[in-house]
Undergrad: 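Dropping a structure here in structure tokens format, bear with me for questions.
Here the structure is a predicted model, which means the values were calculated and not measured.
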Amino acid sequence: TSGWCLGPGDDAAFFDKEIPDPTFVVSAINGRLGNLPPDPAFAQMNGNRSWAIPWMEDDLSLASAELWVNRTIEHAALAHEYGTSGLLGLMWRTWETSPQITALASAGWATNRPPLSDVAVYTDFCTANFGADTAPECVARFLEVDSYVSPMVTKLPRNGQRCCGGPMGADVVPSASLLNVTGFEQWLEKVEGVEYIERATRWVNLFRYHRQTQLVSNASAYVHQAAISHTLPAWTLEQAQNMSLLYTEMVTLLLQITTSPGELGMLGAHEGANWPSVFNASVQALVNRPSDCAVTLSGAECYSDPSKNRTFSHMAWISDPSTTQESCAAACFESDLAYAAVEFGVACFCGAGLPSPSLLLQRSACNAMVCGGNHSESCGGPDIMLVYTYSCSTAPGGITPHEAQTLQPPRVYGGEARMLETAVRTVVSRRSETMFQVEISILSASPPSAVFLHVATLAPLPLTNVLDPISKTPHSQVYTGGYPLTSLPDEFEYWTTASFASGNDLRYPLAVNQSVVLV
């Protein structure tokens, strides 16, 4: 069995007493999202094999970085003291939690071993991943942001993070509370070796991304404050623009470290929930809502509207029993469209111009049905729409619907033809290897027309497509290629580009992996 608790609240060792079968294993995750240590009742379980389950990361920061080596060591030591049979690590992401996994793996049960320390774990971790030369500085940097300042207060700030699954919110973040990444950046400059630089760059970019989530949360707090105020400040639009730009930079930094499903989950949390439901909700609250709309019926006309080929492509709603000519006008005003159209008594459509004259009907045809929200008004009929102009007044301040549209962050998977360029440009130091090779995997609706590897000032090298013989997936392409190191300078930058006929073909870079190949 495994659950949120070891057993019933009044007797956590209940299962051990009631089910004495020695093959029956009892386990439980640590309480309060991993912040509580293993249940002391583990020590009472004499009849069963028992496993403690510490959290390698928790639900409160799945959209940002988490480091819990100190907590993992503490909880592993208590689990051993209580006589548990083993440990299981609970996590959703992989490389982001690798220091904790290292600590969990090092927490052996041999009684003659010296106590495990966070310094020892990070020394092993830093040496293996980034090289021995910079390990001492690496250890110092990671210890600055690992685990707690005090109980329930983490060294890695959690501004804007919410439970559960990566949601974010609006928090005011003082400058002093922003994650300081300068020390990590200075350490990165000292790391040498292609593979070490690559790994260190990914970690530094994770911390840069973490800081960016704080900046987005802070900007969102100002926009939210403006949205709920009675008179919108003059800086409303500027703050909303700033939030959109900061969000774009945040997602860009995330894409730079996206190499596994864990990061794709973070991306999904932002694009699927955080922008539409949190940040964009604040933007939409800034829009000037019409306080009064007047309908101009003197020039109104009646048009046919075939249900299989709608006359107006923008549908405000298809069935609302409270529909009136004025409510439809207000909806079209918010969409920044000049013409409103009511249909079937309950539907509302909007358009930028008049329909084709070939669809024109007798004006009386639009009296077939009254509006659901005002029976004294005509609201078209079945596949018949009443089209009219309107005027709406608004409260002072705020932004226009068009301005709200301009605040939407640019999407790498939408828009006109474009080039995809990997944002990370890594400096490589040549050593004894003879070939520098790059591999890039791209998920797209259709294959790119060309993919190139760029190194310093050399001519771009076309990369070769390699079809995955296992998955046979037509929408995932892997491109490889490389240069002999003898043709490259001692130090160089490299990046990749991919050309697409349409930006809509590109969803997101699935993975970008670089390696040096020995030949």
Undergrad: Could you tabulate the donor-acceptor pairs under 3.5 Å formed by side-chain atoms of residues 125-135, not counting sequence neighbours?
TA:
{"from": "T127", "atom 1": "OG1", "to": "T123", "atom 2": "O", "distance (Å)": "2.7"}
{"from": "N129", "atom 1": "ND2", "to": "F125", "atom 2": "O", "distance (Å)": "2.8"}
{"from": "T134", "atom 1": "OG1", "to": "W187", "atom 2": "NE1", "distance (Å)": "3.3"}

Undergrad: Compare all side-chain heavy atoms of K17 with those of D11 and state whether any distance is below 4.5 angstrom.
TA: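 Result yes, sub-4.5 Å side-chain heavy-atom pair found.
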Undergrad: About how many Å separate CG of L179 and NZ of K155, when rounded to the nearest 0.5 Å?
TA: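 Answer rounded to 0.5 Å: 13.0 Å.
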Undergrad: Does the gap between the ring centers of F42 and W51 come in under 6.0 Å?
TA: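 Distance test on ring centres: not under 6.0 Å, no.
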Undergrad: Should Q214 and P157 count as side-chain neighbours, where that means a heavy-atom distance under 4.5 Å?
TA: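 Result yes, sub-4.5 Å side-chain heavy-atom pair found.
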Undergrad: So, for Q161 and L60, which heavy atoms are closest and what is the spacing to 0.1 Å?
TA: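 Heavy-atom minimum between the residues: CB-O, 3.0 Å.
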Undergrad: Does the side chain of M168 come within less than 4.5 Å of H270's, by heavy atoms?
TA: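 Yes, their side chains come closer than 4.5 Å.
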Undergrad: For Y247 versus E271, what's the shortest heavy-atom pair and its separation?
TA: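 Here Y247 and E271 meet closest at OH-OE1, 2.6 Å.
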Undergrad: Where is the tightest heavy-atom contact between V145 and L67, given as atom of each residue plus distance?
TA: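 Closest pair (atom of V145, atom of L67, distance): CG2-CD1, 3.6 Å.
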Undergrad: Do the side chains of R158 and D171 get close enough for a salt bridge, i.e. N-O under 4.0 angstrom?
TA: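 No, this pair does not count.
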Undergrad: Indicate yes or no: does D16 engage R49 in a salt bridge with an N to O separation below 4.0 Å.
TA: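 Judged by the 4.0 Å cut-off on N to carboxylate O distance, D16 and R49 do not form a salt bridge.
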Undergrad: If the threshold is 4.0 Å, N to carboxylate O, is there a salt bridge linking R141 and E137?
TA: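 Result for this pair is yes, salt bridge flagged.
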Undergrad: Check whether H210 reaches the backbone of A65 with its side chain - one donor and one acceptor, N or O, closer than 3.5 Å.
TA: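 Yes; at least one donor-acceptor contact below 3.5 Å.
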Undergrad: Please round to the nearest 0.5 Å and tell me the distance separating atom CG of L246 and atom CD of Q212.
TA: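 Going from the CG atom of L246 to the CD atom of Q212 covers 5.5 Å.
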Undergrad: Quick one: closest heavy-atom pair of H314 and S335, and the distance?
TA: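 Result for this residue pair: NE2-OG, 3.1 Å.
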Undergrad: Would you say V278 and P167 make side-chain contact, with heavy atoms under 4.5 Å?
TA: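 A side-chain contact is absent here, since even the closest heavy-atom pair is not under 4.5 Å.
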Undergrad: Taking all non-hydrogen atoms of both residues into account, name the closest pair between N70 and D118 and its distance.
TA: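 Looks like ND2-OD2, 2.8 Å.
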Undergrad: So, S244 side chain and Q241 main chain: donor-acceptor pair closer than 3.5 Å or not?
TA: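 No, the answer is negative, given that no donor and acceptor are paired below the 3.5 Å cut-off.
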Undergrad: Would you say T201's side chain and I197's backbone share a donor-acceptor pair under 3.5 angstrom?
TA: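 Judged by distance alone, yes, a pair lies under 3.5 Å.
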Undergrad: What closest approach, in Å, do D146 and V69 show between heavy atoms, and which atom pair accounts for it?
TA: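 Closest approach of D146 to V69, heavy atoms only: OD1-N, 2.8 Å.
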Undergrad: Between R162 and D59, is there a salt bridge with N-O shorter than 4.0 Å?
TA: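 Judged by the 4.0 Å cut-off on N to carboxylate O distance, D59 and R162 do not form a salt bridge.
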Undergrad: Give, for atom OG1 of T248 and atom CG of L253, the distance between the pair rounded to the nearest 0.5 Å.
TA: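 T248 atom OG1 to L253 atom CG measures 11.0 Å (nearest 0.5 Å).
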Undergrad: Nearest 0.5 angstrom please: I53 CD1 to L90 CG, how far?
TA: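 Result: 7.0 Å between the selected atoms.
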Undergrad: Has W55 got a side-chain atom pairing as donor or acceptor with N30's backbone, closer than 3.5 angstrom?
TA: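 The answer is yes, because a donor-acceptor pair under 3.5 Å joins these two groups.
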Undergrad: Ignoring hydrogens and angles, tell me if any N or O in the side chain of S27 forms a donor-acceptor pair with the backbone of S50 under 3.5 Å.
TA: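 Not at all, since once roles are kept as given, no pair shorter than 3.5 Å links the two residues.
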Undergrad: Find the distance between SG (C138) and CG (L188) and round it off to the nearest 0.5 Å.
TA: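 With rounding to 0.5 Å, SG (C138) is 11.0 Å from CG (L188).
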Undergrad: How are the rings of W203 and W95 set relative to one another: parallel (under 30°), tilted (30 to 60°) or perpendicular (over 60°)?
TA: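 The rings of W203 and W95 stand perpendicular, inter-plane angle above 60°.
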Undergrad: Strictly distance-based, threshold 3.5 Å: is any side-chain N or O of T72 a donor or acceptor partner for the main-chain N or O of W68?
TA: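 Pair found, side chain donor or acceptor close to backbone of W68.
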Undergrad: Do E96 and L62 touch side chain to side chain, with heavy atoms closer than 4.5 Å?
TA: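 The answer is no; the side chains never approach within 4.5 Å.
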Undergrad: Is any side-chain heavy atom of L6 less than 4.5 Å from a side-chain heavy atom of F15?
TA: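 They are not in contact (no side-chain heavy atoms under 4.5 Å apart), so the answer is no.
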Undergrad: Between Y209 and M250, is the side-chain contact (heavy atoms from CB on, under 4.5 Å) condition met? List the steps.
TA: CA-CA 6 Å; Y209 158 80; M250 179 186 74; 3.6 Å; yes
Undergrad: Can you sort out the partners of R93 under salt bridge (Lys or Arg N to Asp or Glu O under 4.0 Å), two or more places apart, ordered by chain and number?
TA: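 Result, salt bridge (Lys or Arg N to Asp or Glu O under 4.0 Å) vs R93: E57, E66.
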Undergrad: Do R208 and N205 meet the criterion of a side-chain donor-acceptor pair at a distance under 3.5 Å?
TA: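 Note: R208 and N205 side chains meet the donor-acceptor criterion.
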Undergrad: Between Y148 and N35, is the side-chain hydrogen bond (donor to acceptor under 3.5 Å, both in side chains) condition met? List the steps.
TA: CA-CA 10 Å; Y148 303 102; N35 286 298; 2.6 Å; yes
Undergrad: For the residue pair T213 and L215, establish whether any side-chain heavy-atom pair is separated by less than 4.5 Å.
TA: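 Answer no - side chains too far apart.
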Undergrad: Counting distance only, does the side-chain N/O of E263 pair as donor-acceptor with the main-chain N or O of T258 below 3.5 Å?
TA: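 Not confirmed, E263 side chain does not pair with T258 backbone.
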Undergrad: Check the pair L104 / M91 against side-chain contact (heavy atoms from CB on, under 4.5 Å), numbers first and verdict last.
TA: CA-CA 12 Å; L104 193 73; M91 87 285 284; over 6 Å; no
Undergrad: Between N159 and N218, is there a side-chain heavy-atom distance shorter than 4.5 Å?
TA: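 Answer no - side chains too far apart.
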Undergrad: Which distance, rounded to the nearest 0.5 Å, do you find between the CG of D124 and the OG of S106?
TA: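 It comes to 6.0 Å.
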